[in-house]
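Encoded as structure tokens, the structure appears first; notes follow it.
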Amino acid sequence: MITLHLKVASSLRDTLCESVRESTAASSLDESTAAEIMQSGRLSLQMEEGSTPSDLLNKLGLPTEQRLMIIVDGKMVARTEYGTRELTDGVTVSLNPPIQAG
Amino acid sequence: MGWQKQILRVNLTTGEIKKEPLIMDWAQDYLGGRGLATKYLWEGMDPSTDPMSPDNMLIFATGPLTGTMAATGGRYTVVTKGPLTNAIACSNSGGKFGAELKFAGYDMLILEGRSVKPVYLVIIDDKVELKDAADYWGTTVWHTEETLKEVHKDPQIKVASIGVAGEQGVKYACIVNDLHRAAGRSGVGAVMGSKHLKAIAVRGTQGVSVDKPKVFMQAATETKASLEDDGGRKSLTKYGTNAMIDTMNEFGGLPTDNFRSVQFEGTENINPAAMVRPNANGHVNLITNKACFGCTIACGRIAHIDQTHFSVRDRKEYWHASGGLEYETAYALGPVVGIDDIDALTFAGYLMNEHGMDPISFGVTLAAAMELYDLGIIDKQTTGGLDLSFGNAEALTTCAELTGKQEGFGVELGLGAKLLCQKYGRPELAMVVKGQEFAGYDSRALQGMGLGYATSNRGACHLKHDVFAEDMDDQTGAGKAQPCKTSQDKIAMVDSTGACLFTMSAWDTGEFQLLVDSACEGGSDGTWDNERLLLTGERIWNLERRFNLSAGLTRADDTLPPRLLKEPAPSGVAEGRVSALDTMLPEYYSLRGWTAEGVPTESTLNRLGLS
Ligand code: SF4
């Protein structure tokens with residue numbers, strides 16, 4: 001197993017909390033963890049070795065077709081690599097909505 | 001139809017008020033709003049005119065969708081020559097003022113000359129009058145708007161006004177309508193002040209007709225439905241534009257400490273989560289969201305300040321709810337000056353609206369002053385005793401107020417970053433293009449954004465192109481010129497319809513075709529199809545360019561500050577990169593059909609009907 005440190009943008013936290021509660025990751029997530037995500041946007045998660053960003057999105061219940069911006073240890077993950085890029089133990093995975101005009 | 005086919009021309013020197021038919025041939029070529037006003041400006045004045053002289057024209061223009069049932073159809077644009085840039089200025093605003101001007105029966109209001117004494121303009125349908133503004137001159141936007149409603153005994157009257165900043169020529173003074181919506185950029189408020197025009201109060205009771213009512217109703221319904229389902233729209237409604245602050249911080253494109261850094265440690269204190277999180281006193285910053293006229297997105301935020309906060313503790317007059325943090329306000333009053341005190345940012349945002357100033361330009365000017373202070377080029381003697389260290393929230397709120405009132409060091413801050421840095425011998429510290437300060441996207445991380453900034457006709461601006469998807473996918477300059485050019489043309493068209501560009505999260509040219517073609521007659525060109533709409537946008541972009549070239553701007557003005565061209569991004573996904581403007585710009589010129597010097601060729605002008 002590997003441990004991933006998630007960093008979730010504020011505007012994804014509601015969605016993530018709802019979907020995590022309903023997904024397979026729910027066993028490791030209770031109300032206080034959900035509250036913690038809402039508060040700080042942080043969550044540590046165990047995954048199988050060799051997991052990819054797509055596996056992570058599936059586990060979190062976030063649709064892979066949703067246009068998200070994923071950054072691993074400060075490096076951008078191209079959308080084409082979501083299914084192939086292996087996540088390694090201890091990395092920080094940052095999940096963000098796409099860039100748009102503000 | 002779509003147009004009211006009537007414009008109002010007011011000569012402030014002579015006091016003459018004229019109603020004129022809209023020149024429909026021009027409307028068929030430029031639609032309305034930004035495009036049509038640019039055509040009137042181009043035909044009506046010498047581009048080399050001093051922006052603050054009476055000969056500058058100030059145009060308030062609605063689009064054919066303004067005041068209709070189209071979603072977000074409440075926009076208007078102010079077009080003039082801007083004092084911040086000495087280039088064309090086009091500044092777009094929402095709220096309800098634009099629709100009201102249309103309901104009064106006018107597509108456009110053209111202001112010329114300069115009144116001898118301060119005046120305000122009252123438009124109540126056909127009845128148009130200039131009135132003495134002596135009682136309002138020297139007062140704030142908020143006082144002016146609220147008092148005019150009382151004096152005219154009509155709470156529904158819509159007001160666009162300037163504060164002392166506009167009266168005194170602050171280079172980035174804006175025109176504020178509906179208390180906290182603004183034609184914010186390029187100093188259009190200073191032009192209004194130079195004309196001694198304090199406010200425009202408008203009330204209209206006429207409807208807006210469309211060309212094919214049934215088709216239009218169906219188009220309005222269908223396009224609203226597509227907005228309803230769109231993820232980007234949902235995010236704007238729920239979180240506002242400030243959702244972008246987390247994304248930009250993670251990406252490494254969030255300008256911090258005058259662009260010395262691209263990531264800010266304090267985002268968690270000013271992001272959308274912070275806006276709804278109770279503080280130690282149980283105070284929650286955000287109250288609700290708010291929409292402009294006819295908008296089904298409602299991206300606006302309404303907030304209030306903790307009454308125990310240093311900024312308002314003894315000032316009950318600021319305890320009410322007003323405009324809250326949007327991304328650009330949060331960036332410009334936050335990271336770029338190193339501040340993460342949400343109440344200080346919100347209060348400074350209030351002051352921007354109350355005194356009529358562009359928060360982006362103010363914040364980036366203050367950031368430049370903070371860097372000058374940090375380098376020891378200015379000191380407390382220069383600042384009137386203020387400690388301008390990055391991160392000093394009290395300096396932010398004090399400077400905002402001093403600038404709004406044009407007192408003390410605020411007079412220097414009112415110059416804008418370019419003139420301030422020039423004055424102290426460090427022009428390279430001004431984070432500007434053509435004199436206008438940057439929005440909250442660093443062009444070392446967002447290369448297409450950098451090209452858009454450099455080529456924007458109104459100086460650094462994030463709203464005149466859309467290369468976000470390409471910039472997210474790739475951090476080099478490759479492949480950015482084409483989407484930059486195409487999106488500039490598309491947005492020029494959207495800005496000319498009277499709809500909000502935030503619809504573009506869900507809508508493409510096809511949706512605008514449905515709306516515009518059913519709202520407007522097509523003239524001799526027949527229908528308003530995709531091709532015609534995009535060609536219209538391209539024509540507008542090139543006419544703006546011609547205005548700027550005639551005003552004396554050159555290729556040398558299509559550039560970025562040395563920091564972005566030479567100092568690598570210190571962190572983030574683009575760590576180690578500088579802007580690739582030198583490779584993108586020639587490609588962009590070529591795609592535009594311009595010479596290597598950035599001048600539209602004869603064949604380009606012919607193709608666009610601009611010869
Ligand atoms: S999306 Fe926002 S800025 Fe645009 S019209 Fe709606 S409320 Fe106004």
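Owing to the predicted nature of the structure, the values given are computational and were not obtained by experimental measurement. Values below: all heavy atoms of this structure, side chains included; hydrogens, waters and symmetry mates excluded.
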Worksheet entry | Any side-chain heavy-atom pair of B:Thr247 and A:Met69 under 4.5 Å | yes

Worksheet item: Any side-chain heavy atom of A:Ser40 sitting closer than 4.5 Å to one from B:Glu268?
Response: no

Please state whether the side chain, the backbone, both or neither of [X] comes within less than 4.5 Å of a heavy atom of chain A.
{"X": "B:Gln263", "answer": "neither"}
{"X": "B:Ala469", "answer": "both"}
{"X": "B:Met248", "answer": "side chain"}
{"X": "B:Leu446", "answer": "side chain"}
{"X": "B:Met472", "answer": "both"}

Fill in: Residue B:Glu265 excluded, over 12 heavy atoms near CD under 6.0 Å
no

Discussion item. Which atoms of A:Thr80 are under 4.5 Å from chain B, going by heavy atoms: the side chain, the backbone, both sets, or neither?
Written reply: neither

Fill in: chain A contacts, top residue of B:Phe251, B:Tyr331, B:Tyr327 (heavy-atom pairs, under 4.5 Å)
B:Phe251

Response to the item:
Looking only at A:Ile71, A:Val8, A:Ile99, the option with the highest number of non-hydrogen pairs under 4.5 Å against chain B is A:Ile99

Worksheet item: Is there a side chain to side chain contact (heavy atoms under 4.5 Å, CB included) between A:Gln100 and B:Met504 once you walk through the steps?
Response: CA-CA 10 Å; A:Gln100 61 182 43; B:Met504 291 175 75; over 6 Å; no

Worksheet item: Is there a donor-acceptor contact under 3.5 Å from the side chain of B:Asp246 to the main chain of A:Ser10?
Response: yes

Item to complete: Kindly indicate, with the supporting measurements, whether the criterion side chain to side chain contact (heavy atoms under 4.5 Å, CB included) is fulfilled by B:Tyr239 and A:Leu12.
Response: CA-CA 10 Å; B:Tyr239 304 102; A:Leu12 286 179; over 6 Å; no

Worksheet item: At their closest point, which heavy atom of B:Glu250 faces which heavy atom of A:Asn96, and how far apart are they?
Response: CG-OD1, 3.4 Å

